[in-house]
Amino acid sequence: MKKALVTGAGGFIGHHLVNSLKAKGFYVVGVDIKQPEFDGSKADEFVIHDIRKETGEWLSLFQGVDDVWALAADMGGMGFISKNHAFIMKDNVLINITTLEAARKAKVKRYLYTSSACVYPDHLQTDTNVISLAEHMAYPANPQDGYGWEKLYTEKLCEYYEKEHSINMRIVRFHNIYGPLGTWQGGREKAPAAMCRKVAEAIEAGKDFIEIWGDGEQTRSFCYIDDCIKGLHLIMDSGYGQPLNLGRDKMVTINQLADTVMKAAGVCLRKVHVPGPQGVRGRNSDNALSRKVMGGWTPEISLEAGIQKTYAWINEQVQRTPVSLIS
Ligand code: NAD
């Protein structure tokens, strides 16, 4: 039985990944500072540990591990990452250094690092109708903020660990992954979850509008969690060691995202545009290289289908959470 270690196993993507690894027959060790919030973990061992600290217990978890999936990160949506640059950089550098070091010491065979589309230069993303971002465009470097700089730094660190310590590396740049069992309130939620919550709350409160940060014409592509998990396994098994995009290449505006959520909810609410952090003006994934590496496959679940499932789950959370506890 092959052994996999997943960091960030209490988080959104990590939790779904653990389920998929169990379905594939792996022995799974999950590590996080917290249990998954919405569902029990299927990991064979779930260890609560602050990965910023390199302890004896931490190093011992890597004994006999074949694959490391490095997902742990101090992160969130635009509201969170635009205000916490110092902690994001500090925490994530520490998390990634201790994870790489433990993998090196235990002679782990394969290591997958989850980077982000935030590594791409700011100046390539100033228009709503942006050119799609291909992997080579990350340099010359000019990422958007502390989160992007840290991801780019760790990508380099991974490249050096591969060259000098013979770890078989994978580097995945996610483009906006969404779906059920993700953070939907509290300040760290990302745009699709926030939009679903706002619509569900508006219906609950009898309001005829939702608020949207900025003019809503900023563009993004959104990838449903099932596609993300399928892509992660294809990339891990591919043997390709350079950074790769994992996302959809169908760009929509945030206003269109709101319309898709309202359609799933069966309502039509007014969109009130208010000041708020928006990130880059436009962003889309170029999937030419990743499609080739993943044997011709590319994320295929439509925004409409993914949002239907996500809205249904978030609406359920809103219904069962007292209004005073929703933040
Ligand atoms: P998430 O916040 O749901 O999961 C991250 C997990 O890391 C959390 O459960 C958190 O508790 C854990 N963590 C944070 N600090 C820790 C520490 N010191 N020790 C142990 N665990 C710690 O985020 P996610 O959406 O599942 O993202 C997973 C990975 O993918 C992250 O590296 C993230 O940066 C990257 N990513 C995600 C997206 C996306 O759209 N969701 C986009 C780009 C990149």
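Remember, it's 1-based here, ligands and their atoms both numbered in the order they're listed. For reference, positions follow the sequence shown, starting with 1. Since the model is a prediction, treat every value here as computed from it, not as a measurement.
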Quiz item: side-chain hydrogen bond (donor to acceptor under 3.5 Å, both in side chains) between Tyr224 and Arg248: does it pass, once the steps are laid out?
Solution: CA-CA 9 Å; Tyr224 189 63; Arg248 281 201 97 214; over 6 Å; no

Per-pair distances, 0.1 Å, donor-acceptor, side chain in residues 259-267, under 3.5 Å, sequence neighbours excluded:
{"residue": "Asp259", "atom": "OD1", "partner": "Lys271", "partner atom": "NZ", "Å": "2.8"}
{"residue": "Thr260", "atom": "OG1", "partner": "Gln256", "partner atom": "O", "Å": "2.8"}

Quiz item: Measuring from each atom of ligand 1, which residues have a heavy atom under 4.0 Å away?
Solution: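 Lining ligand 1: Gly8, Gly10, Gly11, Phe12, Ile13, Asp32, Ile33, Lys34, His49, Asp50, Ile51, Arg52, Leu71, Ala72, Ala73, Met75, Ile95, Thr114, Ser115, Ser116, Tyr147, Lys151, Phe174, Asn176, Ile177, Lys190.
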
Quiz item: Which of these, Leu257, Val280, Asn284, sits in a side-chain contact (heavy atoms from CB on, under 4.5 Å) with Arg220?
Solution: Val280

Exercise. Report yes or no: do Tyr27 and Glu45 form a side-chain donor-acceptor pair below 3.5 Å?
Key: yes

Self-check item: Worked verdict on Arg283 versus Gln125 for side-chain hydrogen bond (donor to acceptor under 3.5 Å, both in side chains)
Solution: CA-CA 6 Å; Arg283 175 178 289 158; Gln125 305 172 80; 2.6 Å; yes

Quiz item: Hey, are Arg291 and Asp249 close enough for a salt bridge, meaning a charged N less than 4.0 Å from a carboxylate O?
Solution: yes

